[in-house]
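Each remark here refers to the structure printed beneath this line.
Residue numbering restarts at 1 for every chain, and letters A, B, ... go by the order of the sequence lines. Note: hydrogens, waters and symmetry copies are ignored here, and every other heavy atom, side chains too, is used.
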2 protein chains.
Amino acid sequence: MFSSLARCASRGALQVLKGAGRCAPSPAAVPRFGHQTLAAAPLPAVGGGPGIRQARAQDRERLLQVEWDDGSCSLYPFTWLRDNCQCPRCTLQSAQARSLLLTDLDVHTGVDQVQITENNKVSITWPDQHSSEFEPDWLKKRCFSPEARQARQEELFLNERDFWDSGLQIPTLDFEEVLHDDKAALDWLMALRRVGIVYLKGAPLEQGQVARLSQRIGYLRLTFLRHTWQVQDKPMANNVAYTSGKLSLHTDYPALHHPPGVQFLHCLQQAQQGGESEAVDGFHMAELLRKDHPDAFNTLSSLRVDFTDTGSDYCDFSVQSKNHIIDVDSEGRVVRINYNNATRDSTLDLPLDQVQPFYSSLKSFVELMNQPENVFTYRMEPGDLVTFDNWRLLHGRKSYLSGSINLRHLEGAYLDWDEVMSRLRLLRKAVHGDGESLSS
Amino acid sequence: MFSSLARCASRGALQVLKGAGRCAPSPAAVPRFGHQTLAAAPLPAVGGGPGIRQARAQDRERLLQVEWDDGSCSLYPFTWLRDNCQCPRCTLQSAQARSLLLTDLDVHTGVDQVQITENNKVSITWPDQHSSEFEPDWLKKRCFSPEARQARQEELFLNERDFWDSGLQIPTLDFEEVLHDDKAALDWLMALRRVGIVYLKGAPLEQGQVARLSQRIGYLRLTFLRHTWQVQDKPMANNVAYTSGKLSLHTDYPALHHPPGVQFLHCLQQAQQGGESEAVDGFHMAELLRKDHPDAFNTLSSLRVDFTDTGSDYCDFSVQSKNHIIDVDSEGRVVRINYNNATRDSTLDLPLDQVQPFYSSLKSFVELMNQPENVFTYRMEPGDLVTFDNWRLLHGRKSYLSGSINLRHLEGAYLDWDEVMSRLRLLRKAVHGDGESLSS
């Protein structure tokens, strides 16, 4: 159950807290600063969770040290423990939300007493005699060591990805099975997160299937394109997608500051000639660019580009955004690609001397993503429904012959990653009880 | 019409392009690098727009220099001009979107010929004999000088804000007027953007008014709280707001990575005792923190904090996010506050040595926002509808006496800023023709 958390050890934490007490076989070996409270576990671990050998307060550092049955240690700041008291006065149980106000939190609190209860919980009495109890597995999950934090973050956000190229073996599931079986739905969303694209076969040949699939998750994301949208060759198209022309590799809707995270496309009718789909792993391309053209990567991840979209569909709209073409988080990890050449604005908010580097960098990125070894090409047939990560993939379409009969027709819908990840966590809990074993 | 763009001069641009040709009264005074094309305007400006005195190509720098009638100059990179050719082959007119592919763009293009047409447009013939025409006002709006870029960005995004404190004179409009009069609706959204909070009086005393108001803009943002939500004292509350307790100052939904930008709250029934509303200007508070506690500001704007929200409402949900409590863009400007103590997760993804600085910084910020001189307090009466910037304001509520009759009842809804700004731009165009005069 806790295999992925076995790495929860004090080593990393101690590295950042010079001079703090180290985990040792007996309390006598621990340097004592001022008053310390030591509690030894009266009983072995219950129910397969981690057992606590002992817990002691390091009053000078204001840390609680917990020594686990396997000999490893975890350190917890007093302030954090008081802040996260799980008692009914401090936590609104029905909402699983904190009711303790920050104005009532002493951020320099000490502790009065530490005990281990008969059922192996850590019990803390605070100077004002309020007391808190903490479950050992709750504590272990929240250990501050780098390894434990990384495991917890991976459990919560599943940020590990598998990169691919033109040789992708696309994960494929049955549409109805995903709708009706939790294990299939979980497999779908896990692959969608890790690979970025999943094919569902056997969807009924009528509109409304992308909406049904959205309900499997929660709800879809309404945009100015309406709740769901029909990709067809239309007269007076208000979007380059609504023509029979080639669509170069792009992400959808960078003209929004928070573009849709996930896209569904259901093929109702395919063109007789042309209309093949193309997909590229944008995160993979960004990492290749970072390696081979670091200046281009730095340019595209530091300069913000204006996007624009004006017209009328659900209602009239005049949308403007500023986005990095390669979005990188504070740890330097690529988290989103924002690129659609059709809606890239003619307003370019750059100093004159950055304009040419911008174009050269974008050209490098676009040439890279268009290399045949990077492009996965597939042809949708009626009943196929492709689901993909719109923050990661660039997708395109070859031009097609638009006739008066057999009109090519895809129906599309958007969702956001927060809602998709929410459903993934709930499915994981339903299928596996909890998610730890999947996170490592 | 172009008052705010009068600052569009070449000075700033030239500062960043050492050695480039300077705007001069006659072409003879301009250093000539290689082949240059010079075109003099055959006619004065037409229709009140800016007039072009002359346009010349600086082939070595690959820049077009435009000298305006007022003697100022603008410089435009050849690549940018070719990229933004407005002809029907390069632009899908019905979508106002670029159809020229980046793979077909020569990012090192020269020009063959520059002319000024009889109707004062700049006409460029490219080496492959494709030709492009540019309107003078279109060009002037897109001048690359710092002043012009800043004016254009302010026109597009209206980022200037008026800070306030407890003495706020809250902008107030009539609900029905906002629904039916474009000028009133524009006044509403301009004040919502600049001040961050606007009061609407006289909404009918029945549910559905926040949805009506959303339709005035476009559509509301569905969340797990449903399309609209009822703030009442509920048994087994799945949200701390659904109690009669005090709500400390917070922003809504930081457990989403993209929290709702705008919030509407319509008072249907008020408590007989208590229940007053509180609001604080979060951008103002963040700037005060940056000035008085720079370390705290740096901590809260650089560390990402986990938020969590689990329960069931529209459907079951298990939402997790990582957000900066103070979100700062790449220019250092505060763009969003993400803070709700109730949904701040017990999982705290920080190295042990950053935990105490985090709590101390948060305490400084919360103490600052709770100082009486910073808190604007108001009491909603039935028929009042408050609209506010949920990325900027922290809001709260005093506890109230919850009886069995006269149950306090607010109905709420969310929207995103992209949709609100879209409506603002369209209203501005409808009321003023265009927005330039409002942007300076």
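The minimum heavy-atom distance linking B:Q356 with A:T79 is given by the pair OE1-OG1, 3.0 Å. Of all the heavy atoms in A:H108 and B:S360, the pair that sits closest is CE1-OG, 4.0 Å.
Looking only at heavy-atom pairs under 4.5 Å with chain A, the residue among B:L247, B:D345, B:D306, B:D416 that has the most is B:D306. Between chain A and the residues B:T91, B:L426, B:T343, B:L102, the largest count of heavy-atom pairs under 4.5 Å involves B:L102. Most heavy-atom pairs under 4.5 Å with chain A, from the set B:N239, B:T243, B:V107, B:N340: that is B:V107. Interface remark: of the candidates B:S346, B:A342, B:S94, B:S346 forms the most heavy-atom pairs closer than 4.5 Å to chain A. Ranked by heavy-atom pairs under 4.5 Å with chain A, the list B:V319, B:T347, B:L92 is led by B:T347. When the candidates A:R304, A:Q354, A:Q86 are compared by the number of heavy-atom contacts under 4.5 Å with chain B, A:R304 comes out ahead. Chain A forms more heavy-atom pairs under 4.5 Å with one residue of B:V366, B:T310, B:L222, B:V355 than with any other, namely B:L222.
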Query raised in the report: Going through the checks in order, is the side chain to side chain contact (heavy atoms under 4.5 Å, CB included) test met by B:Y219 and A:T223?
Result: CA-CA 8 Å; B:Y219 46 85; A:T223 69; 4.2 Å; yes

Report task. Give the C-alpha distance, both sets of side-chain angles, the deciding distance and a yes or no for side chain to side chain contact (heavy atoms under 4.5 Å, CB included) between B:R98 and A:R344. Result -> CA-CA 8 Å; B:R98 183 182 293 101; A:R344 189 165 51 75; 3.4 Å; yes

Requested in this report: Go through the steps to decide whether B:D309 and A:Q96 satisfy the test side chain to side chain contact (heavy atoms under 4.5 Å, CB included), and finish with yes or no.
Outcome: CA-CA 8 Å; B:D309 197 10; A:Q96 298 177 47; over 6 Å; no

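A:Y314 touches chain B through its side chain: at least one heavy atom from C-beta onward sits under 4.5 Å away, while N, CA, C and O do not. Using a 4.5 Å cut-off between heavy atoms, A:S330 contacts chain B through its side chain alone, with no backbone atom that close. With a threshold of 4.5 angstrom between heavy atoms, A:Q215 does not approach chain B through any atom at all. Neither the backbone nor the side chain of A:F365 comes within contact range of chain B; no heavy atoms are under 4.5 Å apart. Contact of A:Q153 with chain B is made through the side chain alone, with heavy-atom distances under 4.5 Å. For chain B, the nearby part of A:F157 is the side chain; its heavy atoms alone come within less than 4.5 Å. Of the two parts of A:N341, the backbone and the side chain both hold a non-hydrogen atom closer than 4.5 Å to a non-hydrogen atom of chain B. Only the side chain of A:W138 comes within less than 4.5 Å of a heavy atom of chain B; its backbone N, CA, C and O stay farther away. For A:R423, the part sitting under 4.5 Å from any heavy atom of chain B is the side chain, from C-beta outward, and nothing else.
Within the 3.5 Å criterion, the main-chain N or O of A:Y359 finds no donor-acceptor partner in the side chain of B:W80.
Note that NZ of A:K363 and CG of B:L105 are 5.5 Å apart. Values are rounded to the nearest 0.5 Å. To the nearest 0.5 Å, the span separating CZ on A:F224 from OG on B:S422 amounts to 4.0 Å. A:L348 CG to B:D83 CG: the interatomic distance, rounded to the nearest 0.5 Å, is 8.5 Å. Separating the CZ atom in A:R221 from the CZ atom in B:R221 is a distance of 6.5 Å, to the nearest 0.5 Å. To the nearest 0.5 Å, atom OG of residue B:S318 and atom CD of residue A:E419 are 12.0 Å apart. Atom CZ of A:F317 is separated from atom CZ of B:R425 by 12.5 Å, given to the nearest 0.5 angstrom.
With respect to the salt-bridge test (charged N to carboxylate O, under 4.0 angstrom), the residues A:E331 and B:K322 do not qualify.
When each of B:L100, B:L101, B:T103 is checked for a side-chain contact (heavy atoms from CB on, under 4.5 Å) with A:S248, only B:L101 meets the rule.
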